[in-house]
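Here is the structure we will look at.
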Amino acid sequence: MIAKLRILLLLSIPLLSAAWITLSSANVDFESENLDKVYAKYTKSKLESTHDSNLLRRLSLHLRGTIPDGKESLDFAKSNETEKLRLTSIQYLKSPEFAEYWATKLGSLFREQTNRRNEVYGGFYNYLASSLHDNKPYDQMVREMLTADGDLEKNPAGHFFARDSADPLQVAEYVGRVFYAKRVGCARCHDDKFDKSFTQRDYYAIAAFFSQQFYRTNWWDEKRFEGENIPNIPNEDIENLPLKQQKIVKDRNREWDQTFWNKKSKEERQKFTEKHKLKYGKLFYEANLGIRFPIKDDKPGGDLVQPKFPDGTIPEIKPGEDRRKVFVDWLVAKENPRFRKVIINRIWKELMGWAFFTPEDDWNSGTVVYAEDVLNHIDQVFLEKNHSIKELVYYIVNSQAYARRTPANEDEKSNHIHFFPSRRMDPDQLMNSIVKGTLEVDQPKWLFSERRLSNFFPKKIDLKGKGALRVPDKDQKDIKFASQMERPPRPNQFLAIFGSGNRTDVDDDHSEITIDQVLTLMNGRLTGKAAWDFGGKDSQSVKNFEASKSMSSVVNDPFIILLGREMKEKERALLLSNLPKGDGHFERQILQDWVWAIMNSQEFLHVN
Amino acid sequence: MSIKSSFNRKEFLQASAALLAGFTIPRTDLSAFSFSDLFSRSTDAADDLSLPSPIKTVIFINMEGGMSHVDTLDPKKNSAFGRVSSSIRNLSVLEPFQKTAKHLHKLSVIRSTYSEDGDHGMAQHLLNTGYRQTETVGIPDLPHMGAMISYVKSLNQKPSSYFPRYVTMGGRNGKIGDPGYLKVEHAGFHVGDPNKPLSNITPSWGKYDTDRILRRESFLDTLNTEYNQENHSLNLDLWDKMHVAAREFRDSDKISSFDWSKEKESVIKSYGDSWQGKSMLMARKLAEIEVPFIQISIGGWDTHDNNKSRITKIMSETDQGIAALLGELESTGLMKQTIFMLSSEFGRTPDVGSRDGRDHHPKVWTTLIGGGKISRGRVFGETDEKGEKAVKSSPVMHVRDLIASLYSYAGVNPKKLINNSQDRPIAIANKASKVLEI
């Protein structure tokens, strides 16, 4: 009886699944088609798609910073599942790899550094990765970063301010560039000679939004004037208080010295600072703090600058109100598309290979914006999706525009809108792919993981991440993922050679190709070890040969894993012509040489 | 996209280029954008762009961060160090440069270098290209002057297998190493660690004989040939070229010039133990094989605090190397065909009371330059009592004039125009610059 039921159950599942597919496909809104409609305005003819196995490889590298798993590309190409791209993109977006890889990108944007004094080791990176993993809306992330207070361990969003020790002038410069694509740095010392509409005072007016906080490390007596309504701030900031308050603070500080501090012995003082030690840096908010315009010969100065938004408009701020909150409200408001478009531009460029405007941190009156209708459309979508980066990525990668093929001839080379421009892998993609494709190949799960596409297509897609994140850990000895590496990398490290930047300037990764990179791939340690260790005693290659008794079959595996395809005829012929004892004799060195060649090939090294 | 009715050349060029090329977008990121004449620059004739000059090499010491002039080369009352006399009569410099002081008669000392840029990034941009950053907003692909000198000199030479023509050591921020709209072969070749200047010329893991190396390269060639049948992207072409260049480099007999350890013990010792010293020794060796541009960027000069101790530290490692380099350039005769230049992106405020720190000061600072036909032992310009600016009667040299003059002495005609990636003619040196006699 039970057996019969079981069989019935087994039989019914495919039917149910089919029903689900029909139902769900009827209900699913094929939104990305709307993107394609707008995109079509900028292409003279219909777009052609790249083939499936390459599309999966492109998707995996873009979303996860690594090549597909094992035979995934072949399975994907073979599958008749109509929703396979959507399902795979959901899976990728929920993976830890997405958060790890895209947190590295955000890290480069925010000059995140793993190991900074008084900060949590990897704290900022962890915050960015967890936020992405949880599908936290981007405007919420920005709000958290720009209104952060307190201890960095408890509020890791505060690492954004800590990066510049919460100095209002520094913060103004980076906030301008990173969130608003406005370079204001020149105006720190003098009126902007290029953009006459932006003066030094305007620069200070942006800084004024971030003047109500200070950053302390080492030790700080937080409760010194508790209950007294007197600003408890560092001495160097006292001049930035209103004059009346300055006197009160100075008097009270003097009194404290006379009645308390001066009476303490050296040991007592040491004990006191110990008691108030700060394990990590801490951000403090003081409503009365401002910033004074510098006093110069040629213009009025010395006053507390009134805040003004980067677009020149004046905010309404009540006395004592947190100006940072006022700034963020303005920045992320629905009526301020520039904030959204700045991040959209970056994400779009990563996925599509061309940007709406460059440079990405300086949108000025001379900037030309390409395909503006597409940008405006994406902006609408981003707003509808409540600033979810994952949803935006999902929307873009499921379009025909994303899936377009690479140029097939000389004439097509320069038209990036129509044809996907091959792009060298970035250092993270490269490191992850080499490690995954070679050093890990001895473990069965990589080579033989069957991709089972779920037949269940959810009506409401939940992109919240699943799985633990791999992040920098001081004690970690065995590193497999680029996300675990410290940033900035040391100059002799693989990531540095391939361009991972110093994180001293916004987005300072080097993207140019160098001879050093080519030599590192040809003769360096990572590829060297990967090739030299390949095909050892307990490897999958040896196991494959034991079963197949064919070198062609064995060498075919690295093609599948690293390139997502089988060997071509010419490649197979070359292999056979170099096997002195024929196909049935295992030649480890030949296998290794092919692995080396694949790792150095244009096909492998580029996102196509 | 529309071409606006009020004619704006910049917008017109960008818009029309886009329409013609199907959205070929101005490049700031080589890996994502097209660069149509990257590989086949319309051959500029050598005659057009060069000037007669005995110079084969320029060595540029770039003190990054803003070298305090009153604490190094221009003694004043409130200098943090004591004076030392130099080999130029009546010219003193300061203790940090005491060894180099003995060689100054080989150079000219420009005391009145100046500019308007007090921001590191912008000032380094000016120093390395001759253009203020604000002047090149529409030209993101402006080349570094090293790439420019390398390029113009290459026009006179037969094309040969790849060997770096522009070498960078030390820092490489901003424009350093950037070939801009010139060919990738004029990009700076960076030596990160002078103790190991060339890595990965031969396999660094495993043992391979030549046959095996050739065999695996034949596998690679097949893979690439096959792939290129159906895939044509600019970046694939670029990679292909770099691969050819890498092999040529690996097989070149000139790479021994990076191997300073082959020098006599006494010579190695004379440059000192520091990375700066070793870099200077390599610079001499590269000058011997006439590498057109060698840049050593030494940072740490941004002494807003700890001015004295930081300068002491940097120069304790650097002074010896500079002195040894100048000595050898002279004794080998290389000075006749090599320009040596030492400068910084700005000076530092001389008047700071008792504070042990100075701030950015682009109003005046000192440059050293010599070699070839440049005057020996000449002092150009004079600063006021405090070292805050040039005196009224003094000739002055804006950084753009310095670079234009450098080009001229190095055999590059600064007035000539070259088309950039969008076919805009760009003058080699800033149009507003003057060539001055040094």
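Reminder, nothing fancy here: chain letters follow the sequence lines and each chain counts from 1. Note that the coordinates shown come from a computational prediction; the quantities given were computed from them, not determined experimentally.
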Which residue out of [options] racks up the most heavy-atom pairs below 4.5 Å with chain B?
options	value
A:E412, A:Q517, A:Q592, A:M599	A:Q592
A:L574, A:D593, A:N502, A:D516	A:D593
A:L575, A:T504, A:N578	A:N578
A:K570, A:H510, A:K529	A:K529
A:D426, A:I590, A:L563, A:I598	A:I590
A:G528, A:A597, A:P407	A:P407

Under 4.5 Å from any heavy atom of chain B, what part of [X] do you find: side chain, backbone, both or neither?
X	answer
A:F559	side chain
A:K568	side chain
A:R490	neither
A:Q589	both
A:W596	side chain

field: Minimum side-chain heavy-atom gap B:P194-B:M169 below 4.5 Å
entry: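 Of all side-chain heavy-atom pairs linking B:M169 with B:P194, none is under 4.5 Å.
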Polar side chain donor-acceptor pair, B:N235 to A:H606, under 3.5 angstrom: no
query: Do you see a donor-acceptor pair shorter than 3.5 Å between the side chains of B:H186 and B:H144?
result: no
At a heavy-atom separation under 4.5 Å, does [X] approach chain A through its side chain, its backbone, both, or neither?
X	value
B:I201	both
B:A187	neither
B:R247	side chain
B:R212	both
B:E226	both
B:N228	side chain
B:F249	side chain

field: Residues which pass side-chain contact (heavy atoms from CB on, under 4.5 Å) with A:T406, listed by chain and number, not counting sequence neighbours
entry: A:R58, A:F420, A:S422, A:N608, B:N231
query: Looking at residues at least two apart in the chain, or sitting in another chain, which of them share a side-chain contact (heavy atoms from CB on, under 4.5 Å) with A:K41?
result: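 A:K41 satisfies side-chain contact (heavy atoms from CB on, under 4.5 Å) with A:D373 only.
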Keeping [X] on the side-chain end and [Y] on the backbone end, is there a donor-acceptor pair under 3.5 Å?
X	Y	result
A:R424	A:S511	yes
B:T222	A:E571	no
B:S204	B:N200	no
B:R165	B:F189	no

statement: Ranking B:T225, B:L236, B:L223, B:D221 by heavy-atom pairs under 4.5 Å to chain A gives rank one to B:L236
task: Mind running side chain to side chain donor-acceptor pair (under 3.5 Å) on B:H304 and B:D302 for me, showing each step along the way?
output: CA-CA 6 Å; B:H304 291 284; B:D302 193 21; 3.1 Å; yes
- prompt: Rounded to the nearest 0.5 Å, how far does CD of A:Q493 lie from CG of A:L526?
  reply: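 A:L526 atom CG to A:Q493 atom CD measures 12.0 Å (nearest 0.5 Å).
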message: Assess the residue pair B:R132 and B:E135 against the criterion (salt bridge (charged side-chain N to carboxylate O under 4.0 Å, His left out)); give the C-alpha distance rounded to whole Å, side-chain angles, the decisive distance to 0.1 Å, and a yes or no.
response: CA-CA 5 Å; B:R132 296 189 65 198; B:E135 292 162 340; 5.2 Å; no
